[in-house]
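For the numbers below, each heavy atom of this structure counts, side chains included, while hydrogens, waters and symmetry mates do not.
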Amino acid sequence: MRIAPLAVTAAMRTVDEHLAMVLAATVALSEESVRVDDALGRTLAAPVHARVDAPLFDNSAMDGYAVRYPDVAAATAAHPVALRVIADLPAGSTAEPELGAGDAVRIMTGAPVPRTATAVVPFEHTRDGLQGIDAPAVVSTAPVREGAHIRRRGEELRADAEVAAAGTVVGPLQMTAFAVVGVDHIVVRRRPRVAVISTGSELAPAGGTFAHGQIPESNSVLLSSLCAQAGAEVVSVETVKDEDAAFEALLESAVTQARADVVVTSGGVSAGAHEVVKNVLRDRIEFVAVGMQPGRPQAFGRLDDTLVFGLPGNPASVAVSFEAFVRPALLALQGREPLHRPVLRLAATTGWRSPAGRRQYVPVTLDRSDPAAWSVRPAAADGSSGSHLAAGLARADAYAVVPEDVSAVTAGGLVDVMLLA
């Protein structure tokens, strides 16, 4: 494994400085062509252009009768106009009946409008509504204009027009739009391949029994789900004890065998005696203190072409560190914009303290009961903001982000809130 060495840094770095270093090392992944059916959640690497006009042909916007407008222009309830029905056009019909004076064609929504028809009269504007083609169409209310209820070819979009720009995340609505304009393949960015390694000799599977000193392992669940949610392909999820050789083997496997574009580790980056990530990678990637709470100890660097993130071990720290650094990098690898969650400025219903000189991220719960004035409170059951309160993450739908120069949030005061959904 060829290593790109980085120095160990002791000075505290700001969140913005660390993120800038991460993004400077992040290059968008290669492109690939995929079927639209397989594109859900992918990011466009190139604009999508319409292959055909939308609509493809003049078609009826209503169930009713295709008519020549002059024949019905004077129709009223008091003086209805009777027309001879000469044909029936359901959706999908290929017929092209010719309308003469006094003729009408029964037509269904989406069916091609005959070339000689200049308006569609909805069934609701006729005396007897839906009739057989052997009965006359008695028009009691004239269309408001010539061309009424006809959707013209290409009126929504012409062939070769742009449907979606590069950087768009493909969702169900985009997939539908691509199909409407005849597109079956699109060019997207490759999904980032991510390996997750959770470290700690104290970790045990969440569903088992726990010996004294053991805790349930949660970080691998957290990181793998967050990575998948950010559009990544999670290629491996591992938990390892604080044993240097075991961690080294998993890291080597992630880079060379799983071909991970990104490796995300949790734990082992602090100043303790058994910091396995730092022991193995101290001369290969950079270990820094970042001015944030939680998440102060961070590690980042490259092993060959693989980005390596070393996050702290506390689940709340892992969640915040992911939002601050890993998620923006995963989105940048996919060529997405913007890289950050939406932020609202909302009132806090209760106050809390914030450490001077560090950007604080507090899991909060949104109160949407007043649509005109949302508010937030810490998600922890006791209303506190401690970084160790990981169980409160279940109630969190946002993070309150307190700037470095603010030492306290007051009840009723405004705070920036990063929305998670």
Side-chain angles (χ1 to χ4, degrees), residues 12 14-16 18-19 198 200 206 215-227 229-230 264 266-267 269-270 289-298 311-328 339-421:
M12 188 137 76
T14 69
V15 172
D16 294 337
H18 192 63
L19 177 60
S198 182
I215 61 172
E217 204 290 294
S218 60
N219 285 339
S220 62
V221 175
L222 173 63
L223 284 172
S224 59
S225 57
L226 286 172
C227 288
Q229 192 178 66
V264 187
S266 61
V269 297
S270 297
V290 177
M292 61 190 294
Q293 185 204 45
R296 184 174 183 273
Q298 296 286 331
L311 310 184
N314 182 287
S317 299
V318 171
V320 166
S321 300
F322 180 90
E323 289 297 330
F325 307 120
V326 183
R327 184 176 181 273
L339 300 180
H340 304 288
R341 303 271 196 185
V343 174
L344 298 178
R345 194 155 177 80
L346 302 176
T349 59
T350 186
W352 66 84
R353 298 197 60 77
S354 182
R358 295 168 69 182
R359 185 178 301 178
Q360 186 187 45
Y361 295 81
V362 178
V364 293
T365 300
L366 290 172
D367 182 351
R368 303 177 176 89
S369 58
D370 182 354
W374 288 6
S375 60
V376 296
R377 70 182 306 277
D382 63 357
S384 63
S385 60
S387 62
H388 63 289
L389 301 171
L393 293 174
R395 291 181 290 274
D397 42 23
Y399 289 109
V401 182
V402 185
E404 292 85 342
D405 59 352
V406 174
S407 60
V409 174
T410 59
L414 296 178
V415 64
D416 288 336
V417 178
M418 178 199 303
L419 303 180
L420 298 182

Does R358 use its side chain to pair, donor to acceptor, with the backbone of G291 at less than 3.5 Å? no

Which pairs with one or both residues in residues 394-404 pass salt bridge (Lys or Arg N to Asp or Glu O under 4.0 Å), sequence neighbours excluded? R359-E404, R368-D397

Over all atoms of both residues, closest heavy-atom pair of V362 and P378: CG1-CB, 4.2 Å

Any non-hydrogen side-chain atom of V402 less than 4.5 Å from a side-chain atom of V409? yes

With W374, the side chain to side chain contact (heavy atoms under 4.5 Å, CB included) member among D367, V417, L344: L344

Side chain to side chain, W352 and Q360, heavy atoms closer than 4.5 Å: yes

Shortest non-hydrogen contact from V318 to S266? CG2-CB, 3.9 Å

Taking side chain to side chain contact (heavy atoms under 4.5 Å, CB included) as the definition, give me every residue that meets it alongside V221, ordered by chain and number, with sequence neighbours left out. none

Under 3.5 Å, is there a donor-acceptor pair between the side chain of E323 and the main chain of F325? no

Walk me through it: do Q229 and R327 pass the test side-chain contact (heavy atoms from CB on, under 4.5 Å)? CA-CA 9 Å; Q229 192 178 66; R327 184 176 181 273; over 6 Å; no

Interatomic distance, OG1@T14 vs CG@L19, rounded to 0.5 Å, equals 9.5 Å

For V376 and V415, what are the C-alpha separation, side-chain angles and deciding distance, and is it a side-chain contact (heavy atoms from CB on, under 4.5 Å)? CA-CA 9 Å; V376 296; V415 64; 4.0 Å; yes

Any side-chain heavy-atom pair from L366 and L419 closer than 4.5 angstrom? yes

Keeping to residues at least two apart or across chains, list the salt bridge (Lys or Arg N to Asp or Glu O under 4.0 Å) pairs with something in residues 407-419. R345-D416

Name all residues meeting the side chain to side chain contact (heavy atoms under 4.5 Å, CB included) criterion together with T410; count only those two or more places apart in sequence or in a different chain, and write none if there are none. none

How would you list, by chain and number, every residue that makes a side chain to side chain contact (heavy atoms under 4.5 Å, CB included) with T349, sequence neighbours excluded? S375, R377

Check against side-chain contact (heavy atoms from CB on, under 4.5 Å), V264 and L311: CA-CA 7 Å; V264 187; L311 310 184; 3.8 Å; yes

What closest approach, in Å, do F322 and P328 show between heavy atoms, and which atom pair accounts for it? O-CD, 4.0 Å

Backbone N or O of R296 within a donor-acceptor pair of the Q293 side chain at under 3.5 Å? no

Mind listing the closest non-hydrogen atom pair of P403 and V401 along with its distance? CD-O, 3.7 Å

How would you list, by chain and number, every residue that makes a side chain to side chain contact (heavy atoms under 4.5 Å, CB included) with P312, sequence neighbours excluded? P297, Q298, S317, S321

With side chains defined as the heavy atoms from C-beta onward, is the minimum distance between M292 and V320 less than 4.5 Å? yes

